Amino acid sequence: MTATIEVFDPAMCCSTGVCGPSLDPDLARFEADLRWLATQGASVTRYNLAQEPGQFAGRPVVAAMLASGGEDVLPIILVDGRVRFSGTRPSRADLASPLGIDLPALRADLLAPPATACCTPTEKAATGCCGSTEPASPPQVVGSGGCC
């Protein structure tokens with residue numbers, strides 16, 4: 001598979017959902033699902049509105065959706081340049097479907113390991129920014145995985 005997935009996230013601290021005072025399990029699940037897609041051969045890139053607004057403005061379809069629907073349309077998920085999802089974080093099965101990933105093979109892999117914290121409380125207190133949560137080796141999700 002050589003699908004390209006681009007996720008245009010709302011403004012947030014980090015894409016994993018484990019930054020800040022409380023865990024957002026939906027964000028953690030979605031991050032794990034995107035990492036899983038990368039292991040299946042997809043190219044996955046995430047953009048954060050707070051950190052990369054030029055990416056949103058530079059994509060006509062994304063800019064038009066934001067202009068007409070506001071931030072409620074986020075996240076916008078493009079698969080091979082076409083809008084596939086908007087305003088929701090789809091399940092792993094929903095993400096796999098347009099990519100042609102065999103769902104019976106997927107069923108055994110539905111439960112992903114939980115995401116890990118992006119930094120220790122001491123690091124966050126000292127720097128205010130956690131840095132990258134991306135793995136050191138492929139596969140990886142490119143984009144705003146840092147916590148700031």
Side-chain angles (χ1 to χ4, degrees), residues 1-20 22-119 124 128-148:
M1 169 183 36
T2 58
T4 300
I5 300 167
E6 295 173 281
V7 180
F8 292 83
D9 283 313
M12 57 186 168
C13 171
C14 66
S15 60
T16 62
V18 295
C19 297
S22 64
L23 171 70
D24 181 341
D26 188 47
L27 273 175
R29 178 214 38 96
F30 186 62
E31 174 69 12
D33 291 346
L34 291 175
R35 288 178 187 264
W36 175 82
L37 283 174
T39 69
Q40 302 302 304
S43 170
V44 180
T45 305
R46 294 184 82 171
Y47 304 106
N48 184 320
L49 182 58
Q51 298 164 352
E52 300 158 293
Q55 294 293 338
F56 291 71
R59 294 299 292 269
V61 67
V62 173
M65 289 178 72
L66 276 170
S68 66
E71 289 190 40
D72 288 343
V73 301
L74 298 175
I76 297 170
I77 301 163
L78 306 181
V79 177
D80 293 331
R82 297 180 59 194
V83 175
R84 289 293 189 155
F85 304 98
S86 174
T88 186
R89 291 181 186 90
S91 69
R92 184 176 293 191
D94 289 337
L95 287 166
S97 180
L99 303 178
I101 296 175
D102 184 32
L103 292 180
L106 172 71
R107 308 258 340 131
D109 195 44
L110 280 176
L111 295 176
T116 57
C118 61
C119 66
K124 186 162 181 115
C129 186
C130 301
S132 178
T133 61
E134 305 308 328
S137 60
Q140 71 178 14
V141 177
V142 179
S144 52
C147 174
C148 295

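Just so we're clear, the structure is a prediction, and the values are computed from it rather than from any experiment. Heads up: numbering here begins at 1 and tracks the sequence.
Leu99 places a side-chain heavy atom less than 4.5 Å from the side chain of Ile5. You'll find the side chain of Met12 reaches within 4.5 Å of the side chain of Leu27, heavy atoms only. Between Phe8 and Leu66 the shortest side-chain heavy-atom distance does not fall below 4.5 Å. For the pair Leu49/Pro10, no side-chain contact is recorded, criterion being any heavy-atom separation below 4.5 Å from C-beta on.
Using modelled atom types, no side-chain atom of Arg46 and backbone atom of Glu31 make a donor-acceptor pair closer than 3.5 Å.
Of all the heavy atoms in Ala63 and Ala57, the pair that sits closest is CB-O, 4.1 Å. Here the closest heavy-atom approach between residue Pro90 and residue Asp94 is recorded as CB-CB, 3.7 Å. When all heavy atoms of Gly58 and Pro60 are compared, the closest pair comes out as O-CD, 3.4 Å. Considering all non-hydrogen atoms of both residues, Ser86 and Met65 come closest at OG-CE, 3.2 Å. Here the closest non-hydrogen pair linking Arg89 and Pro75 is CG-CG, 3.8 Å.
Taken from CD in Glu52 to CG in Asp9, the straight-line distance is 9.5 Å, to the nearest 0.5 Å. The line from CG of Asp26 to CG of Asp33 is 9.5 Å long, rounded to the nearest 0.5 Å.
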Start with the C-alpha gap between Leu95 and Phe30, add the side-chain angles, then the distance that decides, and say whether side chain to side chain contact (heavy atoms under 4.5 Å, CB included) holds. CA-CA 10 Å; Leu95 287 166; Phe30 186 62; 4.0 Å; yes
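With Glu6 as the partner, the side chain to side chain contact (heavy atoms under 4.5 Å, CB included) test is satisfied by one option alone out of Val62, Val44, Leu78, Val79: Leu78.
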